[in-house]
Structure formats: C-alpha cells, structure tokens
Protein chains: 2
Amino acid sequence: MNADRAAAASKPIKTAISREDGIDFSIIELLFFAYRDFTSDPDQILAEYDFGRAHHRILHFVNRRPGLTVAELLDVLKITKQSLARVLKQLIDTGHIVQVQGPRDRRQRELYPTAKGRALALALARPQSRRIHDALQGAGSSDRAVVERFLKAMVNPELRAQIDNLPGNVPGKVDGD
Amino acid sequence: MNADRAAAASKPIKTAISREDGIDFSIIELLFFAYRDFTSDPDQILAEYDFGRAHHRILHFVNRRPGLTVAELLDVLKITKQSLARVLKQLIDTGHIVQVQGPRDRRQRELYPTAKGRALALALARPQSRRIHDALQGAGSSDRAVVERFLKAMVNPELRAQIDNLPGNVPGKVDGD
DNA sequence: AAATTTATGTCAATAGTGCTGACATATTTT
DNA sequence: AAAATATGTCAGCACTATTGACATAAATTT
C-alpha cells in the first residue's frame, strides 16, 4: 500500500474523539461558538461604515482609556505598529479619533475619541452588552462573579494587570455587589 | 471652526466611557482577552505545520463528528464552500483527513480523520483544555455548570441544537455531575 | 554639543482567511 | 429527459495581520 511515502493512504478513523484523553471539548467548542456570535453583532454595524473588527477594538480601547498613547494601544492589542497604522488613520480621517501631542513628551500622540467616536463605540457595545445581559438572565449575581473569574483566569497571568487598569475593573470588586 | 465639513476638528473627549449607558464593559473586554489567549496556544503548534486557525477548526469538527459531509461542515463553520476548499485540500494532501464517498448518496464526501489527523487534533486541544482546567481550579462543579450555561446562552438560539449534536454534549447534562 | 535611544509614521511585500461570482461534473430526484 | 443537489475549482477582491526597512522629531545619555 506504500503508506510510508505520502500519508495519503491512511485509514479513516470512524470513532468520534471524546473525553478520552481528558480533553474538555464542551467548553472548547462553547467558547468558539459563543465568541463567534458575540462578535457578529457589532460586525453588522461596522459593515455600514466599511470598518472591520480592528476598528472596533481600537475605538473601544481609546474610549475606555482616553489619552492613551500609540505605544500603549499597541501593547493592549498586541499587534504591530504597521497593523495599527492603517486602521487608526482611517478612524482619524473619519473624525472618530483625534490625536493630541503629549504634554510631557511631545513625541507621544495621545489618542482621544470625539463625540462621533464615542457614539459609535457605544453603538457597537450595546448589542454585545445586551447579549451578555440576556445570557445572565435568571442567573444570580454570584453566577456573574463566577463567569468573570473564569474569563479572567483564562487570560495569560502577565496580562491580567492590564485588565485591572481599565476603568471600573477594580481587581477584587465584582459588578453588582 | 468649520466643524460641519469634515468631522476632523472635533474636540477630544477626556472622560473614560464606563457603565454609564448600562454597557457591560468588564465582560466584553474579558471575552476579548480570554479568547485571544485561548487561541494563542494552538496557534503556536499550527505554525510549525504552516497551518492556521481554519485548519484547526476543520480538524476539530472532523474529529468530533467523523463522517460528516462537506455540506454539514460548512453549516457548522458558517463559511463558504470556497473558503473551506483551500484549507480542506491542504489537510487532505498532508494526510490528516481522508474523504470517503457517501454510501447512500455517492455525490457526498464523508470526511474522516486519519491517525495523523487525530493526533494533531488532540495536540491542539490539549493546551486549551489545560487552560480551561486551570481556570476552573478551585471552582466547584457548580461553577463549571454556570460557565457552560453562560457560554451556551451567548450562542444564537438557532445554533444551540448544533452544539447538542456533538458527542458528549447531552443537552441537560453537565460534565462533572 | 554630539550621539543614541525612543515614539511615531510610512513604504513595500507577504500571508491567512474570508468573500462573491461563475462555471464544471457527477449523481439523484422529479 | 430535465431539474435539482453535492461537490470542486478558477479568478478576483477585501481585511487583518505580519516582517523589514527607513524617516522624522524629540528626549536622553555621554
């Protein structure tokens, strides 16, 4: 059969993969489906502006931390300067974001949303927030805390500090308490 | 000031967006960070094979539902035939997946993993499963149920049936009970 | 003051993943 | 025989991300 040359002639496995190797497929799949639908809400709005997810993310963090510098934004998003440039330029050209020369260090460009940028950020967040709210319907406030703890624990430890630096995310505190 | 022509001269907003409009920013952001780090684990392994996330998803579902047809796979992934084609072809050429002519309908191609494809699917799922396991450390089994319920509720209702059709995901049942 | 580092911007090329539209083939259904 | 279905394939385009190279201005170091 010459199964040694190309692996092409390998036999089909007909049994489904399951929990055999202690792999947590349920949550792996749920995260995939949940995130896909979670991002589909704003995607529809963005399409009207000829924007993509990258625009959304930038707009979001500039609204969450007005005055952050380009370097800080790159650090939060974990993308390269070149990837950011094009998208940020569009947001500036369309008047959603403005740049202000840094007061201490004049090389820096502080990024601020405009009223237009603030409005779009809110419009994009609204359906996502509603989806989360609906998903937590009937769940107690302790359930909300469980979900928050879980998601935060999924983040790489080095990056958890970043999350705490965002407004309203006091480390120990849980919304609704 | 001519703020009417281009929105270019709009004033910077210096206050951070917060919970003002009842938007749930904490969980929105947590989902972003959690999902990013969650997918970064397999991405590193995939890079060694010159594969991407698309390969991972296909490999995953072919392993979870061996024998599924191309049409079924398209339905689960919610992508187009043309998008699938390139990536699926690579997985077949590299001997990770084999096609078998449908027994009832000979137009159909049933997709099965090979031993090689099964092994890769497991290798990719392992770090994700470990991350989930670690994130649930110290949480009770009821916490796990809370997380599963939340994630499932985040998925569009029409699609929840699909999830239940995957092995080991009995609708009412929760792992660990 | 000169040299170096830092923050940002920009140009060019490339990759991965998705899309639409069009068309071909084999097979099943009507 | 005709129509519908399942799949495959070609061509072109869009978006997001990458790397490498280079430019400018401002701050820091020597």
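Each chain gets a letter, A, B and so on, in the order the sequences are listed, and its residues count up from 1.
- Within residues 31-41 of chain A, no residue is approached by DNA chain C to less than 4.0 Å at the level of any non-hydrogen atom.
- With values rounded to the nearest 0.5 angstrom, B/Ile132 atom CD1 is found 5.5 Å from A/Leu31 atom CG.
- Protein atom CG of B/Leu88 is 11 Å distant from nucleotide atom C1' of D/dG8, rounded to whole Å.
- Under a 4.0 Å N-O distance rule, the pair A/Arg144/A/Glu148 qualifies as a salt bridge.
- Closest approach of A/Met154 to B/Ala135, counting heavy atoms only: SD-CB, 3.8 Å.
- For the pair B/Ile58 CD1 and C/dG16 C1', the computed distance is 12 Å after rounding to whole Å.
- A/Lys89 pairs by the side chain to side chain contact (heavy atoms under 4.5 Å, CB included) definition with A/Asp93, not counting sequence neighbours.
- Without hydrogens or angle criteria, B/Ser129 side chain to A/Asp24 main chain gives a donor-acceptor distance under 3.5 Å.
- How far CD1 of A/Ile58 is from CG of A/Leu111: 9.0 Å, rounded to the nearest 0.5 Å.
- Rounded to an integer number of Å, the gap from A/Leu84 CG to C/dT10 P is 11 Å.
- Between A/Asp164 and A/Lys152 there is a salt bridge, since a side-chain N of the basic residue sits under 4.0 Å from a carboxylate O of the acidic one.
- The base of C/dG18 lies outside donor-acceptor range of the side chain of B/Gln82, with no N or O pair under 3.5 Å.
- Rounded to whole Å, atom P of C/dT27 lies 15 Å from atom CD of B/Glu110.
- Rounded to an integer number of Å, the gap from B/Ile97 CD1 to D/dG8 P is 12 Å.
- Rounding to the nearest 0.5 Å places CG of B/Asp43 at 10.5 Å from CZ of B/Phe38.
- Rounding to whole angstrom units, NZ of residue B/Lys89 and P of C/dG18 are separated by 18 Å.
- For the helix from C/dA1-D/dT30 to C/dT30-D/dA1, the angle separating the two terminal helix axes comes to 20°, with each axis derived from five pairs and the value rounded to 10°.
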Report all interatomic pairs (protein N or O, nucleotide N or O of nucleotides 22-29 of chain D) with separations under 3.5 Å.
| unit_1 | atom_1 | unit_2 | atom_2 | d |
| --- | --- | --- | --- | --- |
| D/dA27 | OP1 | A/Arg106 | N | 3.2 |

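- A/Asn165 and A/Arg160 share no donor-acceptor pair across their side chains, judged by distance under 3.5 Å alone.
- Between A/Thr69 and A/Arg109, the side chains place no donor N or O within less than 3.5 Å of an acceptor N or O (distance only, hydrogens not considered).
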| field | Derivation and outcome, ring-ring contact (aromatic ring centres under 6.0 Å, His included), residues A/Phe32 and B/His60 | value | CA-CA 11 Å; A/Phe32 166 64; B/His60 176 91; 8.0 Å; no
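- For A/Asn156 (side chain) and A/Glu158 (main-chain N/O), no donor-acceptor pair under 3.5 Å exists by modelled atom type.
- B/His56 has its NE2 atom 17 Å from the P atom of C/dG16, to the nearest Å.
- Checked against salt bridge (charged side-chain N to carboxylate O under 4.0 Å, His left out), B/Arg118 has the following partners two or more places apart in sequence or in another chain: A/Glu20.
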Sort me out a list of protein N/O and nucleotides 14-17 of chain D N/O pairs below 3.5 Å, or just none if empty.
| unit_1 | atom_1 | unit_2 | atom_2 | d |
| --- | --- | --- | --- | --- |
| D/dT16 | OP1 | A/Gly52 | N | 3.2 |
| D/dT16 | OP1 | A/Arg53 | N | 2.9 |
| D/dT16 | OP1 | A/Ala54 | N | 3.4 |
| D/dA17 | OP1 | A/Arg57 | NH2 | 2.1 |
| D/dA17 | N7 | A/Arg86 | NH2 | 3.2 |

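- What separates CD of B/Gln99 from C1' of C/dA26 is a distance of 14 Å, to the nearest Å.
- Considering CD1 of A/Ile45 and CZ of A/Phe51, their distance stands at 13.0 Å, rounded to 0.5 Å.
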